[in-house]
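Here the structure comes first, spelled out in structure tokens, and everything after it is commentary.
Heavy-atom basis, side chains included; hydrogens, waters and symmetry copies ignored. Everything numeric here is computed off the predicted structure, so don't read it as measured data. Letters go in sequence order (proteins before strands), and every chain restarts at 1.
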There are 2 protein chains.
Amino acid sequence: MKKTDIKYTNQRIEILDFLKEFDGHPTVDDVFEGVRQKLTRISKATVYNNLRFLSEKGLIKEVNVKGVSRFESNMIPHHHTMCLECGEMKDYESEELCEYAMKIAAEIDDFKIESADTNFYGICKKCMEKE
Amino acid sequence: MKKTDIKYTNQRIEILDFLKEFDGHPTVDDVFEGVRQKLTRISKATVYNNLRFLSEKGLIKEVNVKGVSRFESNMIPHHHTMCLECGEMKDYESEELCEYAMKIAAEIDDFKIESADTNFYGICKKCMEKE
DNA sequence: GTACATGCAAACGCTTTGCTGGGCG
DNA sequence: CGCCCAGCAAAGCGTTTGCATGTAC
């Protein structure tokens, strides 16, 4: 399953471009609305199918938040902070923590680790100021 | 929102008992089928509503896996291993990792950490043997 | 011409909601 | 009597699928 196997259709290119420029973790609807600016006739099913396709190919990453799929194109191992108030989700990169988690995971019996990620739950700046 | 505010109806008690005895991370359907053994007339909506209620009260924990809710009554901070082949999910307790993650999180700017959890993705023993 | 993508609509599965009746203070 | 909870069915919402058409090699 090499990268060269991938057919880069217009729809897929626009989806990838949109994800690259989007600041955050868009839902399927976000992607759909965004891509529709350029490809006015694209259907939501195509967005769904291609988001799944691209994440299976390892070009993007799917993150599930409370039962809803979100996507990101940042493929560097990293973590996420989630605001318990407003639901905002942000990247947080800590190489140390990635390595520490992988080291610990390597010691788990009967389990071959492939990846690890950590989610931080708390209150974001905006919501702190609101209170 | 004290624990004493909670009305322990028969349905809630049975759901809590079921979760305590269940070895794993049951879905809503698992809970429904389990509890129905004793309360034959319970409805799935009651199971949904009470699982949400109990997790809001902090008596159980909800974990979302691929868009589906699962529940656990183990409230001690811990992590999860997930098998990429069969989807099996297991608890993994590492106090060191919990503390390390919290320590790192405390340093994130503009974010007041409350909790952190780590998911390990890989291949479980059963699936390794299958190959 | 074959294989695979698209667009559209319908179907699907998990979850929530509205309503009515019941239980307990 | 008032309040909350249970049961039931229907609605809601995110997602997947079937099918006919289109497009690239």
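- Chain A approaches DNA chain C over the interval C:dC4 to C:dA9, counting the first and last nucleotide 5' to 3' with an atom under 4.0 Å from its heavy atoms.
- Following rounding to the nearest Å, A:Phe53 (CZ) and D:dT17 (P) show an atom-to-atom distance of 16 Å.
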- Message: With side chain to side chain contact (heavy atoms under 4.5 Å, CB included) as the criterion, how do B:Tyr121 and B:Thr81 come out once you've worked through the C-alpha distance, each side chain's angles and the decisive distance to 0.1 Å?
- Response: CA-CA 6 Å; B:Tyr121 300 92; B:Thr81 59; over 6 Å; no
At a cut-off of 3.5 Å, list every protein nitrogen or oxygen paired with a nitrogen or oxygen from nucleotides 9-15 of chain D, distance to 0.1 Å.
| residue | atom | partner | partner atom | Å |
| --- | --- | --- | --- | --- |
| D:dT15 | OP1 | A:Ser69 | N | 2.9 |
| D:dT15 | OP1 | A:Ser69 | OG | 3.2 |
| D:dT15 | OP2 | A:Tyr48 | OH | 2.9 |
| D:dT15 | O5' | A:Tyr48 | OH | 3.4 |

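- When heavy atoms are screened at a 4.0 angstrom cut-off, B:Thr9 is found touching the sugar-phosphate backbone but no base atom.
- Between the CZ atom of B:Phe32 and the CD1 atom of B:Ile42 there is a distance of 7.5 Å, given to the nearest 0.5 Å.
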Kindly list each side-chain donor-acceptor pair under 3.5 angstrom involving residues 58-65 of chain B, sequence neighbours excluded, with atom names and distances?
| residue | atom | partner | partner atom | Å |
| --- | --- | --- | --- | --- |
| B:Glu62 | OE2 | B:Ser69 | OG | 2.6 |
| B:Asn64 | OD1 | A:Gly67 | N | 3.4 |
| B:Asn64 | OD1 | B:Gly67 | N | 3.2 |

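- Between the OG atom in B:Ser55 and the CE atom in B:Met75 there is a gap of 8.5 Å [rounded to 0.5 Å].
- The distance from atom CD1 of B:Ile13 to atom P of D:dC5 is 13 Å, rounded to the nearest whole Å.
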- Task: List the steps, then state whether side chain to side chain contact (heavy atoms under 4.5 Å, CB included) holds for A:Lys90 with A:Glu88.
- Result: CA-CA 7 Å; A:Lys90 278 189 162 180; A:Glu88 191 200 50; 3.8 Å; yes
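- Between its opening and closing five pairs, the helix from C:dG1-D:dC25 to C:dG25-D:dC1 changes axis direction by 20°, a value rounded to 10 degrees.
- Nucleotides of DNA chain C nearest to A:Asn10 and B:Asn49 differ in position, and the one nearer the 5' end is that of A:Asn10.
- Once rounded to the nearest 0.5 Å, the distance linking CD of B:Glu56 with CG of B:Asn50 reads 11.0 Å.
- Legend: residues meeting ring pair (Phe, Tyr, Trp, His ring centres under 6.0 Å) with B:Tyr48, ordered by chain and number and at least two apart, are absent.
- The line from CD1 of B:Ile104 to OH of A:Tyr100 is 10.0 Å long, rounded to the nearest 0.5 Å.
- Following rounding to the nearest Å, B:Ile6 (CD1) and D:dC3 (C1') show an atom-to-atom distance of 18 Å.
- Remark: P of D:dG7 and CD1 of B:Ile42 are 5 Å apart, rounded to the nearest angstrom.
- Using a 4.0 Å cut-off, no side-chain N or O of B:Ser43 falls inside it from OP1 or OP2 of D:dA6.
- As a whole-Å value, the separation of B:Arg12 CZ from D:dC5 C1' is 7 Å.
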Please output the side-chain donor-acceptor pairs of residues 15-28 of chain A that fall under 3.5 Å, not counting sequence neighbours, one pair per line with the distance.
| residue | atom | partner | partner atom | Å |
| --- | --- | --- | --- | --- |
| A:His25 | ND1 | A:Met89 | O | 3.2 |
| A:His25 | NE2 | A:Glu72 | OE1 | 3.0 |
| A:His25 | NE2 | A:His80 | NE2 | 3.4 |
| A:His25 | NE2 | A:Asp91 | OD1 | 2.7 |
| A:Thr27 | OG1 | A:Asp29 | N | 3.4 |
| A:Thr27 | OG1 | A:Asp30 | N | 3.2 |
| A:Thr27 | OG1 | A:Asp30 | OD2 | 3.2 |

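- The side-chain heavy atoms of A:Arg36 and A:Val47, taken from C-beta on, include no pair separated by under 4.5 Å.
- To the nearest 0.5 Å, atom OG1 of residue B:Thr118 and atom CG of residue B:Leu97 are 4.5 Å apart.
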